[in-house]
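These notes are about the structure you will find just below.
Order of the sequence lines fixes the chain letters, A, B, ..., with proteins taken first and strands second; residue numbering starts at 1 for each chain.
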Amino acid sequence: MSIASIQVSETPLVLYALRRADDALILGHRLSEWCGHAPMLEEDMALANMGLDLLGQARELYSYAAEVEGKGNDEDKFAYLRDVRQYRNLLLLEQPNGDFAHTMVRQFFYSGFADLYWRAMMKSDDAILAAIAAKSEKESAYHIRHSSEWIVRLGDGTAESHRRAQSAIDDLWAYTGEMFEADDSEWALIEAGVAVDPATLRSHWLKTVTDVVGEATLSLPKNDWMQQGGRSGRHSEHLGHLLSELQSMPRTFPGATW
Amino acid sequence: MVTALLDDTALRQQAWDIAAGVVDPEIPVLTIADLGVLRDVAVTDGRVEVAITPTYSGCPAMNMIQLEIELALEREGFRGAKVRTVLSPAWTTDWMSEEGRRKLRDYGIAPPAAGSSRRALFGVQEVACPQCGSVNTEVLAEFGSTSCKALWRCKSCREPFDYFRCH
Ligand SMILES: [Zn+2]
């Protein structure tokens with residue numbers, strides 16, 4: 001990388017906004033990798049549209065983080081000039097697209113959470129976060145509907161689609177626990193009424209996921225061991241590869257415009 | 001043209017009318033006033049500041065709309081007008097005017113169902129064909145050609161059509 005990474009003052013609110021912005025950017029980027037490769041035209045458009053929704057959410061959250069931080073950073077600097085260890089997204093979202101079933105299961109697990117999470121965040125005492133939540137909630141609702149339909153279609157489809165969907169669930173399950181974790185930094189905001197405790201959403205999420213997975217004739221793993229680390233910058237090797245692509249232009253040609 | 005004789009109230013009305021006339025680049029029959037995107041116009045010492053609200057988080061038309069507002073005001077003599085984005089409260093398709101819904105239908109796009117509640121999102125949707133008015137319609141693709149549209153088909157007249165999604 002030819003230009004230096006920025007420094008970020010991670011106060012609780014800045015860190016909070018960056019974590020959600022990184023979630024949206026990284027998943028949005030993953031979805032954009034499908035562009036031109038999806039199994040059918042309608043699905044290509046759906047994946048691109050969902051990616052665009054997430055990119056929009058990321059931009060609003062990065063801009064808010066920049067405003068709160070007040071150190072001259074902006075949405076582009078946050079996205080392009082932080083290295084792997086400075087990224088705060090959930091491990092689930094950086095996992096490779098794999099086959100279509102892996103992409104849909106990842107989308108299903110996350111949107112099921114995001115839908116509940118943003119709906120709860122609409123009551124945040126922070127007016128900007130509440131407004132971002134009100135938009136993201138509607139977008140997430142479309143995403144969970146879309147991915148749920150696919151889970152049922154894949155699970156209750158052919159033997160091959162069933163096998164692939166089950167294998168995706170088994171592979172990604174251990175990354176779902178991180179969505180419900182909150183550290184001390186986040187607890188400061190939860191106690192102040194700015195953020196919601198994600199753990200309170202877990203039973204509702206599990207019910208939705210169990211219902212859809214059941215309808216799809218698939219099953220959830222019994223294994224409860226959960227992987228974490230993304231929120232504090234400890235990532236899988238996949239994120240570095242993703243960032244090297246996402247950041248290559250601004251890192252190679254700093255300040256380039258066209 | 002702006003003259004020193006106009007006071008701020010008259011200037012504000014003039015600036016409002018100019019901004020209100022800017023159209024959505026993707027659906028050029030709709031103005032930003034029809035869409036409910038135009039939120040406020042303020043005039044301070046002859047300087048105009050327009051507040052707009054984004055529709056969908058990732059809608060690429062928003063940058064275009066911002067630029068179009070600045071250019072429209074510039075053309076009418078308002079120098080250095082600024083456009084700012086207001087996030088709260090969040091835009092909903094319920095803010096689309098009746099006039100906007102009618103124009104959308106005439107253009108061949110089914111307008112969003114009113115009451116953008118989660119019921120409208122998840123309930124049984126009845127979307128009337130903008131060509132023949134039949135409600136014997138079906139969804140082809142939930143995500144259409146732009147962030148705001150889904151692709152539907154009329155089973156009566158067989159025409160495919162865009163539906164402006166509830167938000
Ligand atoms: Zn028809």
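- Contact of A:Leu52 with chain B is made through backbone and side chain together, with heavy-atom distances under 4.5 Å.
- Residue with the most contacts toward chain A among B:Pro89, B:Gly144, B:Ala141: B:Gly144 (heavy-atom pairs, distance under 4.5 Å).
- In this structure, A:Arg106 is not positioned above the aromatic face of A:Tyr110 in the sense of NZ or CZ being under 6.0 Å from the six-membered ring centre and within 45° of the axis.
- Inspection of non-hydrogen atoms places B:Pro54, B:Thr55, B:Tyr56 of residues 35-56 of chain B under 4.5 Å from chain A.
- Atoms CG and OG1, from A:Leu206 and A:Thr210 in turn, are 4.0 Å apart once rounded to the nearest 0.5 Å.
- Between chain B and the options A:Met45, A:Met122, A:Glu42, the largest number of non-hydrogen pairs under 4.5 Å is found for A:Met45.
- The existence of a salt bridge linking A:Arg82 and A:Glu10 is excluded, since no basic side-chain nitrogen approaches an acidic carboxylate oxygen closer than 4.0 Å.
- Under the 4.5 Å side-chain criterion, counting only non-hydrogen atoms from C-beta, A:Leu18 is in contact with A:Tyr62.
- With a 4.5 Å cut-off on non-hydrogen atoms, A:Leu54 does not touch chain B at all.
- The backbone N or O of A:His204 sits less than 3.5 Å from a side-chain atom of A:Thr208, completing a donor-acceptor pair.
- Between A:Asp23 and A:Arg88, none of the side-chain N atoms (NZ, or NE/NH1/NH2) sits under 4.0 Å from a carboxylate O, so this pair counts as no salt bridge.
- Using a 30° and 60° split on the angle between ring planes, A:Trp150 and A:His146 fall in the perpendicular class, above 60°.
- In this structure, chain B has heavy atoms under 4.5 Å from both the backbone and the side chain of A:Gln57.
- A tilted orientation is assigned to the rings of A:His143 and B:Phe143, their planes being inclined by 30° to 60°.
- Counting heavy-atom pairs under 4.5 Å between each of B:Cys59, B:Pro60, B:Ser145, B:Ser147 and chain A puts B:Ser147 at the top.
- For A:Arg231 and A:Asn89, the side-chain atoms include no donor-acceptor pair closer than 3.5 Å.
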